[in-house]
Amino acid sequence: MTCKQLVERLYDFIQGELEEELSRHMQEHLDCCSHCVTYVKTYQITIHLSRRLSESPVPDQLLQRLREVLKKAENES
Amino acid sequence: MADNGQHGDSAVLTPERVFHDYAPRVYNLARRMLGNDADAEDVTQDVLLQVVRKLDTFRGDSSFPTWLHRVTVNAALANRKKRALRQEREAHDPLDHFLETGQHSNSIQPWSVAPDQQALDQETQQLIEKAIAGLPEVYRDVYVLADIEALPNNEIAELLELSVPAVKSRLHRARLLMREALAPHFEEALT
Ligand SMILES: [Zn+2]
């Protein structure tokens, strides 16, 4: 297995959706390739960081606009 | 969009409650999909209006968050189409960065960020938002819905009218591009 092949199948590897044999090949490659070990780690950090993104507050002027629009819509109904 | 576990209680969805509970989610999803504050504001207004008009349909209904996702994604896609802002930016293929022998063509450096760091600092937050905004739209939509909104692949496939394998493949590319965009920052911080 090459580094490129490992990266190509990384999604399935991380999801645990890889066939057993392929998964073993991946593990063997990782045992002897520090670049790929780091690559896998940083790929996972990327996912974790995105998961922890917090929401930006709704801008005040949009909140105000929304309140007006909603009030109007309520009056119409 | 999780529903905060509130759908089971007796409180009905009022416009005020929708406003407080859901406006930030709608706004953030739209902003990340569109990469543009002004468009995101229009979409948020559009979606909240639709919600208020259809509120009666959802009294105490747990399907509300799913429906809201759908309406928001559709409104964002429609907004994009309307403005014809679709960048024809060709995504470079992150899988190009390999030698013919299949080895990494550049050295892969470890990152200084701790994966279990609790709250993201302002700078990291902005860096990630910027990287997301820089993704080509085909990848960005899937990335935002999967890795930020944490929707399952089958729901994303349905929302974006894609097959599940297409969602997986785009998500993987998106993650590779995100990793690549973030790498220089986190490698740099090491030195
Ligand atoms: Zn390797």
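Every chain is numbered from 1, with letters handed out A, B, ... down the list of sequences.
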**OP:** Would you give the length of the straight line joining atom CG of B:L127 to atom CG of A:L49, rounded to the nearest 0.5 angstrom?
**Re:** 9.0 Å
**OP:** Examine whether an atom of A:Q15 lies under 4.5 Å from a heavy atom of chain B, and if so say whether it belongs to the side chain, the backbone or both; otherwise answer neither.
**Re:** side chain
Original post:
If you measure from OH on B:Y27 to CD on A:E55, what distance do you get to the nearest 0.5 Å?
Top reply: 11.5 Å
Subject >> Rounded distance [0.5 Å steps], OG1 in A:T42 versus CD in B:E180 >> reply: 11.0 Å
Subject >> Interface residues of residues 24-38 of chain A facing chain B - non-hydrogen atoms under 4.5 Å apart >> reply: A:H35, A:C36, A:T38
Original post:
With chain B, which of A:V69, A:L62, A:L63 has the greatest number of heavy-atom pairs at distances under 4.5 Å?
Top reply: A:L62
Subject >> Set of side chain to side chain contact (heavy atoms under 4.5 Å, CB included) partners for B:P152, sequence neighbours left out >> reply: B:N154, B:E155
Original post:
Got a sec, which residues hit salt bridge (Lys or Arg N to Asp or Glu O under 4.0 Å) with A:D12, two or more places apart in sequence or on another chain?
Top reply: A:R9
Original post:
So which part of A:L10 gets closer than 4.5 Å to some heavy atom of chain B, the side chain, the backbone, both or neither?
Top reply: both
Original post:
Checking A:Q5 against chain B: side chain, backbone, both or neither under 4.5 Å from a heavy atom?
Top reply: neither
Original post:
So which of B:L95, B:T101, B:L182 has the largest heavy-atom pair count under 4.5 angstrom toward chain A?
Top reply: B:L95
Original post:
Side chains of B:R175 and A:T46: do they bring a donor and an acceptor to under 3.5 Å?
Top reply: no
Original post:
Just how far is it from atom CZ of B:F98 to atom OG1 of A:T2, taken to the nearest 0.5 Å?
Top reply: 7.5 Å
**OP:** Flag the one option from A:E8, A:K4, A:R51 with the top tally of heavy-atom pairs under 4.5 Å to chain B.
**Re:** A:K4
Subject >> Contacting moiety of A:R65, where chain B heavy atoms sit under 4.5 Å >> reply: side chain
**OP:** Show the numbers, then the answer: is there a ring-ring contact (aromatic ring centres under 6.0 Å, His included) between A:F13 and B:H172?
**Re:** CA-CA 11 Å; A:F13 183 66; B:H172 183 46; over 10 Å; no
Original post:
Using a cut-off of under 4.5 Å for heavy-atom pairs, which of B:R53, B:Q125, B:M178 has the most such pairs with chain A?
Top reply: B:Q125
Original post:
Considering residues at least two apart in sequence or located in another chain, which fulfil the ring pair (Phe, Tyr, Trp, His ring centres under 6.0 Å) criterion with A:Y39?
Top reply: B:H104
Original post:
Do you know the tightest heavy-atom contact between B:P24 and A:V58?
Top reply: CA-CG2, 3.5 Å
Subject >> Toward chain B, the part of A:E17 with a non-hydrogen atom under 4.5 Å >> reply: side chain
Subject >> Rounded distance (nearest 0.5 Å) linking atom OG of A:S56 with atom CD of B:Q126 >> reply: 9.0 Å
Original post:
What is the distance from atom OG of A:S50 to atom CD1 of B:I132, rounded to the nearest 0.5 Å?
Top reply: 5.5 Å
